[in-house]
Amino acid sequence: MTIFTTEIDAEGIATITWDLPGRSMNVMTLDGIAELEAAIERVTTDPAVRGVILTSAKPDFAGGMDLNVLAGMREAAGDDPARGLFEGTMRMHRLMRRLELAGADPKTMKGGKPVVWASPGTAAGIGFELGLCCHRRIVADNPRARIGLPEIRVGLFPGAGGTTRLVRMMGAMAAAPFLLEGKMSPPDKALAAGLVHEVVPADRLLDRAREWILSARPEDCIQPWDRKDYKMPGGTPYHPAGFQVFVGAAVMVHGKTQGAYPAPKALLQAVYEGALVPFDTALRVEARWFTHLLMNPSSSAMIRSLFLNKEALEKGAVRPAGIPDQRVAKLGILGAGMMGAGIALVSAQAGIEVVLIDQTQEAADRGKAYSEAYMDKGIQRGQATPEKKAEVLGRITATTDYAALAGADLVIEAVFEDPEVKADVTRRAEAVIGADCIFATNTSTLPITDLAGASQRPDQFIGIHFFSPVEKMMLVEIIRGRKTGDRAVAKALDYVRQIRKTPIVVNDARFFYANRCIIPYVNEAARMVAEGVEPALVENAARQLGMPVGPLQLTDETSIDLGVKIARATRAALGDAYDNQDADSVLFFLYEAGRLGRKAKAGFYEYDEKGKRLRIWPGLRERFRRDGPQPPVEEVKNRLAMIQALEAVHAFEEGVLTDIREGDVGAILGWGFMPWSGGPFSWLDMLGPKRAVAICEDLAARHGPRFAPTALLRELAERGETFYGRFTARQKAA
Ligand code: NAD
C-alpha cells in the first residue's frame, strides 16, 4: 500500500503527498509512519533535492493519529507496555526532528533544506504537529478547515512534539487555549493567532509553496528554537514573567478540572519541565509524560468512549441492517416552543426543509424567531454570514396549517407533555402525511408505546428525545416503542446523522436512559441536604468527581417545580414502592418557599438581580441540621457517583440499554457523567467490579438498599470479569 508518495521535479523540489488509500481523511497509521520515515530519509539525504513540500492529495491534510496505533504500540511491547509506548513515541520524535532539521548539521544548524507544509484543509493532531515541524506553514483559504491540536478532548495531549513546539513557538500563555482546550481554528483565525504563516487561495497552494522554497534564505530554514539567540516567548518558569504564567496555569487547570483529569496535569508537567531544558531533552520529557498518561486507564477509557465508540455510533454502528438510506428531506415539527424551535434550527442548518407548526401563527413565528436570533448572534461573532442566515431561515416555514405537512418524510412532535394533546396532534398530522412518513415524539417522560396508541401505524412511531438546549447538546436518545419497526429506527438514526449529533438507541421504559440516571443523582444530593450534609460539600464533591455542574445547581437550572412535578408523577406511578420521601422533603420545602430555581432567582442558591449565582441559600442549613460531624468527602463522592452508575447497570440489565458502549457515550454526552472515566460502565471496570461491589455493600448497609449491588455486578465480581471484557469482546472492531 502506498500512503506517502514522493515526486521530485526538475527544479529539485520534492513533494511528499499523503493519501491514505480507502479513507476520505488521512490518519496516521503504523504503515504510514514507516513510509513517511523512508520518504523523509530520502529527501533529506538526496543532494538533488533542494526543498521539500509536505501536502495531501485529499481535501484535508489529516484528521490525526489512528488511535489504534497507540493500542498497537502498547500490545507490541508485551508485558512492558510503557516501554513500547515510550519507544513508539520517540520514534515519531526522531522522524519529525529529522524533517525539521532537513539535513542541517545539528551543531552549526547549517545546510538545512527549506521545508514547507502545504495544507489544503483541516489538520488536526499529528496532522498539525507535522506542520509545526516545517519551516513554513501555508494553508488554503478553505473556510471549513480547522487547524489545531484537539487531543485534550479525548483525554490526551499532543504527544508528537506538538506540545513542546507550540509552547516554544508562542509561549505558554498563548499556547494554552490550543493545548488545554484543544481549540481548533479556521485558516484566518489560525493566521491571526500565528499558528500558520500564510493563507492562500486553494488553487495557489502548491505554487506558493514552491515559490517560497525558491526564495528561502538559509536562516529561514532554521526553526526558532534551533537558533542561537532563541528565547521562549513570555519567559521560562524561572523568568519573572514566565513564573506568573506557570503558577497561574497550574491554579487555573486545577480550578477547572478539580484534579479529576490526568491529561491537563500531565500536559502542564511536560510544558513546565520541558521549558527548563534544551529542545531535544524537552521532547524526551514530553514523551515520558505522554507515556505516563497513556498508561493511565482514564485515557484509554476516554479514547474508547469519546472517540472510537462515539464515532462508531455516529457512523451507524447500531443501525438496523439492510434498510436503504432514510435521510430526511422535509421535516414537520409540531410545537414551536423551546424544543421545537431548537429542533427547527439544527435541522434547517443541516439543509432540511422544515415546517414548524404551533397553535397560533404568533407562537409559530416566535419559534422561527429563535433561529433568527441565533443566526444574528453567529453573524455578530463572525461565525455566520447574512447569506447563511437567509438560507437557514428560508428553509423554515412557520404556520398553523397542518396541510403544510404534506410531503414531509419525518414529523417530530414537541407539544406540551400531555398525552391528550399529543394524541390529538398525532391524529391531525397523520391525516395529512404520506403513508411512508415516520412520526416521532420528543417526550421526556411518557412511554412511547402508550403514545403510539394514537397512531394508525405504530410501527412507524418512535421516540427521538433531544436534550436542552438542542443546538448545544450532542446526544439524541432514540427510543423504540414495543411496536416500532426497523425502518423508523433507521430513519431516526439517519436524521440524527444529518444534524451531526450522536445517537443512542434505547428501549421504552420510564425516563428512558439519561433522565433515568440523572434523577437518582439529583435526588441523592437532595437526600444528603435533608441529612444535614453541608450543601457546599455536596456540590464540591460532584465537581471533584468531574461532573460539569453540582447536582444542586443542576436542580436550580432545570427548576424546582419540574422536580416537584416529576416527584409527584413518580409517586403516583410507583405507589408503595416509592422511597424518595427524604429528597422530596428538601424539594417541597424549597417549592413551598417559592424558591423555584434559577428562573425565580431563588432556589438551593441565592442569585443577584441578573440571575448570577451568589451562594448557597442559608435557609437550607437552618432547616436541615445534623448532629454529628460532616461525612468525609470520599463518602459523598461515592454516593453521588455510585447512584448514577448503578442506575445505568439497572438500565442495562433490564434491557433498556442493549449495548454498554451506548450507555457510556450517552452518559457523558447526555448528562456529563464524569467524562474522565469514559462513562459509568468504564468507571465500574476501572474500579474493578469486586471493589465496586464492596463500595455498594458498604453504602447499602449505611444508606439503604438503593445502593445494593445488582445481580450482574455481583456476578462479574465473583467471576473476576469486567463489563467491557464480557460484553464487547466480539464487537472490538467498533
Ligand atoms: P414548551 O411549552 O416550550 O413548548 C410546547 C409548544 O407546543 C408550545 O409552543 C405550545 O403552544 C405548542 N403546542 C401545544 N399544543 C399544541 C397543539 N395542539 N398544536 C401545536 N402546537 C401545540 O415545551 P418544550 O419544553 O419545548 O417541550 C416540548 C416537548 O419536549 C415536551 O414533550 C417535553 O417533555 C419535551 N422535552 C422537553 C425538554 C426540555 O428540557 N424542555 C427536553 C426534552 C424533551
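In each ligand, atom 1 is the first atom listed, and ligand 1 is the first ligand listed. Reckoned from all heavy atoms, side chains included, excluding hydrogens, waters and symmetry mates.
- For E417, the CD atom counts as densely surrounded, since its 6.0 Å shell holds more than 12 non-hydrogen atoms of other residues, nucleotides or ligands.
- Remark: R457 fails to qualify as a cation-pi partner of F439 under the 6.0 Å distance and 45° angle criteria applied to the six-membered ring.
- When heavy-atom distances to ligand 1 are checked against 4.0 Å, the residues falling inside are G335, A336, G337, M338, M339, D358, Q359, Y402, A414, V415, F416, E417, V421, K422, V425, N442, T443, S444, H465, F466, S468, ordered by chain and number.
- Atom CG in L393 sits 13.0 Å away from atom OH in Y374 (nearest 0.5 Å).
- In this structure, A600 and G594 approach most closely via the heavy-atom pair CB-O, 4.3 Å.
- Cation-pi contact between R304 and Y724: present, with separation from the ring centre below 6.0 Å and deviation from the ring axis of at most 45°.
- F467 and H465 have tilted rings, their planes meeting at an angle from 30° to 60° on a 0 to 90° scale.
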